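Input: a single structure, listed below in structure tokens.
Order of appearance sets the numbers: ligands from 1, and atoms from 1 within every ligand. All values reported here derive from a predicted model rather than from experimental measurement. Side chains included, hydrogens not; waters and symmetry mates left out as well; all remaining heavy atoms used.
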Amino acid sequence: MPTENAISMAILRSFCSKLEASLVLDAAIVGGGPSGLVAARYLAEAGLKVAVFERKLAPGGGTWGGGMLFNEAVVQQEAVPILDEFGISYKPADEQQGYFTLDAVEMASGLIFGALKAGAKVFNSVSVEDIVFKENKVNGLVINWTPVERLGMHVDPLTVISSVVLDGTGHPSEIIALAARKAGIKLDTATGNVIGEKPMWVDHGEKQTVENTKEYYPGLFASGMAANNTGGGYRMGPVFGGMLLSGRKAAGLIVNKLKEA
Ligand code: 48F
């Protein structure tokens with residue numbers, strides 16, 4: 001076989017075996033932002049079959065740009081052990097005790113690398129356009145290539161079956177909103193629907209991100225800003241500790257749920 005063909009064949013075979021192995025999952029994560037990537041790592045470390053589906057070419061979500069494109073992020077003391085586990089460097093912020101700054105590019109790449117090395121699969125440039133919903137339970141995801149979505153091409157999707165789905169889509173909580181709208185389900189919130197994010201209040205927002213991380217409907221969890229939007233928490237801006245803690249909490253809840261099943 002000419003080298004040119006051998007290289008193409010190697011890519012195709014390797015990708016197809018990765019996708020085939022991810023068609024039935026324990027946990028399907030939508031969105032490769034900080035909370036989704038942290039959840040992916042801890043779920044994979046717990047021995048679960050987990051994949052992240054990320055719309056953009058580069059996973060990492062809102063981490064790359066720090067605050068207003070100044071590529072430094074801030075994390076509070078509580079989340080520092082997670083940075084240590086990922087091997088991401090940080091230094092104390094002189095301005096506020098208990099807060100640390102870190103290079104946003106190192107954070108993004110460190111979180112991606114950590115999730116992959118733990119055994120999670122990451123599918124970038126793949127958008128989740130729907131859920132599989134059977135017998136009053138979320139059963140998986142409907143996926144398509146992002147360029148297909150962006151160009152509005154009339155191309156049918158593929159599906160992934162999963163015991164649980166984690167919505168880590170950030171501010172819009174796309175998957176939970178879609179599930180509530182299309183499946184007409186009542187979410188475990190005060191209104192039974194997505195409540196919507198409140199304006200910025202850092203201290204509350206950070207706590208609420210973790211509090212709002214939970215199972216909102218059988219088989220459907222939310223982490224990070226998707227959790228905060230669903231549960232109606234405050235916004236927190238470029239502080240990322242809550243996102244990391246939320247991802248870790250989501251992984252713990254999912255592991256427990258799957259153990260009970
Ligand atoms: O928003 P995002 O970074 O998620 P997060 O874990 O973290 C939020 C922070 O970055 C920041 C913040 C910090 O204090 O407030 O905003 O909540 O990343 C969400 C990812 O999900 C992808 C999107 O491209 C982004 O990378 N995403 C959103 N919808 C879909 C999706 C979808 N339908 N299919 C696939 N990926």
Side-chain angles (χ1 to χ4, degrees), residues 28-42 51-69 71-76 79 82 99 102 104-105 107-108 111-112 115 122-131 140-150 157-160 165-179 181-182 197-210 212-213 220-231 233-251:
I29 301 178
V30 190
S35 67
L37 290 169
V38 169
R41 176 189 171 140
Y42 291 125
V52 177
F53 299 91
E54 167 54 51
R55 175 176 276 144
K56 292 185 187 144
L57 187 56
T63 49
W64 295 101
M68 204 179 141
L69 283 183
N71 69 353
E72 287 284 317
V74 172
V75 158
Q76 64 276 42
I82 300 176
Y99 283 78
L102 54 155
V105 175
M107 172 159 80
L111 293 176
I112 299 165
V122 177
F123 294 94
N124 54 340
S125 297
V126 172
S127 290
V128 176
E129 58 171 59
D130 210 340
I131 52 166
L141 302 175
V142 180
I143 59 170
N144 216 327
W145 296 114
T146 298
V148 167
E149 178 193 64
R150 294 251 162 103
L158 295 179
T159 48
V160 167
V165 166
L166 174 63
D167 183 339
T169 62
H171 293 263
S173 62
E174 260 189 51
I175 304 307
I176 296 222
L178 178 152
R181 188 179 74 247
K182 288 190 73 172
E197 179 189 302
K198 294 197 177 79
M200 191 182 286
W201 190 346
V202 174
D203 310 285
H204 284 303
E206 280 295 282
K207 276 194 217 97
Q208 289 170 342
T209 302
V210 182
N212 287 326
T213 298
L220 183 57
F221 293 73
S223 64
M225 281 316 299
N228 234 10
N229 187 52
T230 306
Y234 283 95
R235 184 176 186 184
M236 79 295 301
V239 187
F240 285 85
M243 300 302 138
L244 309 180
L245 293 164
S246 164
R248 191 175 67 182
K249 179 181 174 187

Out of Asp203, Thr209, Val74, which one pairs with Met236 under the side chain to side chain contact (heavy atoms under 4.5 Å, CB included) rule? Thr209

Check each heavy atom of Val30 against ligand 1 and say whether those closer than 4.0 Å belong to the side chain, the backbone, both or neither. side chain

Sub-4.5 Å side-chain heavy-atom contact between Trp64 and Val105: yes

Going by the order shown, which atoms of ligand 1 are within less than 4.0 Å of some heavy atom of Met236? 14 (O), 15 (O)

Can you confirm whether Ile131 sits close enough to Val142 that some side-chain heavy atom of one is under 4.5 Å from a side-chain heavy atom of the other? no

Apply side chain to side chain contact (heavy atoms under 4.5 Å, CB included) to Lys182 and list each qualifying residue two or more places apart in sequence or on a separate chain. Asp130, Leu178

Could you list which atoms of ligand 1 come closer than 4.0 Å to a heavy atom of Met225? 8 (C), 15 (O), 17 (O)

I'd like to know if Val126 contacts ligand 1, where contact means a heavy-atom distance under 4.0 Å to any ligand atom. yes

Under 3.5 Å, is there a donor-acceptor pair between the side chain of Asn229 and the main chain of His171? yes

Looking at Ala227, Gly61, Gly168, the heavy atom closest to atom 19 (C) of ligand 1 belongs to Gly168

Check: Ile175 N/O within less than 3.5 Å of ligand 1 N/O: no

Protein contact to atom 21 (O) of ligand 1 [nearest heavy atom, distance to 0.1 Å]: Gly31 CA, 3.1 Å

Phe53 neighbourhood, listing ligand 1 atoms whose heavy-atom distance to it stays under 4.0 Å: 35 (C), 36 (N)

min-distance protein heavy atom vs atom 6 (O) of ligand 1 -> Ser35 OG, 2.7 Å

Judged by heavy atoms only, the candidate from Ala226, Gly170, Ser125 nearest atom 1 (O) of ligand 1 is Gly170

Atoms of ligand 1, numbered as shown, that sit under 4.0 Å from any heavy atom of Pro34: 3 (O), 5 (P), 6 (O), 7 (O), 10 (O)

Out of Thr169, Val52, Ile176, which residue meets the side chain to side chain contact (heavy atoms under 4.5 Å, CB included) rule with Val30? Thr169

State the atoms of ligand 1, each with its element, that fall below the 4.0 Å cut-off from a heavy-atom position in Val239. 13 (C), 14 (O)

Which atoms of ligand 1 are found less than 4.0 Å from any heavy atom of Gly62? 2 (P), 3 (O), 10 (O)

For ligand 1, which atoms, with element, lie under 4.0 Å from some heavy atom of Gly224? 17 (O)

Shortest protein heavy-atom distance from atom 34 (N) of ligand 1, along with the residue and atom involved: Val128 N, 2.9 Å

Among protein heavy atoms, which sits nearest to atom 11 (C) of ligand 1, and what does the distance come to when rounded to 0.1 Å? Phe240 CE2, 4.1 Å

So, the side chain of Glu54 versus the backbone of Asn124: is there a donor-acceptor pair under 3.5 Å, distance only? no

Closest non-hydrogen atom pair between Gly241 and Val75, with its separation: N-CG2, 3.9 Å

for atom 8 (C) of ligand 1, nearest protein heavy atom and its distance come out as Met243 SD, 3.6 Å

How close does the nearest protein non-hydrogen atom get to atom 14 (O) of ligand 1, and which residue and atom is it? Gly237 O, 2.5 Å

Among residues at least two apart in sequence or on other chains, which ones pass side-chain hydrogen bond (donor to acceptor under 3.5 Å, both in side chains) with Arg55? Ser127, Glu149, Glu174

Give a yes or no on whether the backbone of Thr213 and the side-chain of Lys249 come within a donor-acceptor separation of less than 3.5 Å. yes

Considering only heavy atoms from C-beta outward, does the side chain of Ile82 approach that of Tyr42 to under 4.5 Å? yes

Do the side chains of Trp201 and Arg235 get nearer than 4.5 Å, heavy atoms only? no

Counting heavy atoms only, name the option from Met107, Glu54, His171, Glu174 that's nearest to atom 29 (N) of ligand 1. Glu174

For atom 31 (C) of ligand 1, what is the nearest protein heavy atom, given as residue, atom name and distance? Arg55 CB, 3.8 Å

Nearest non-hydrogen protein atom, atom 28 (C) of ligand 1: Thr169 CB, 3.5 Å

Hey, does Tyr234 have a side-chain heavy atom less than 4.5 Å from the side chain of Met200? no

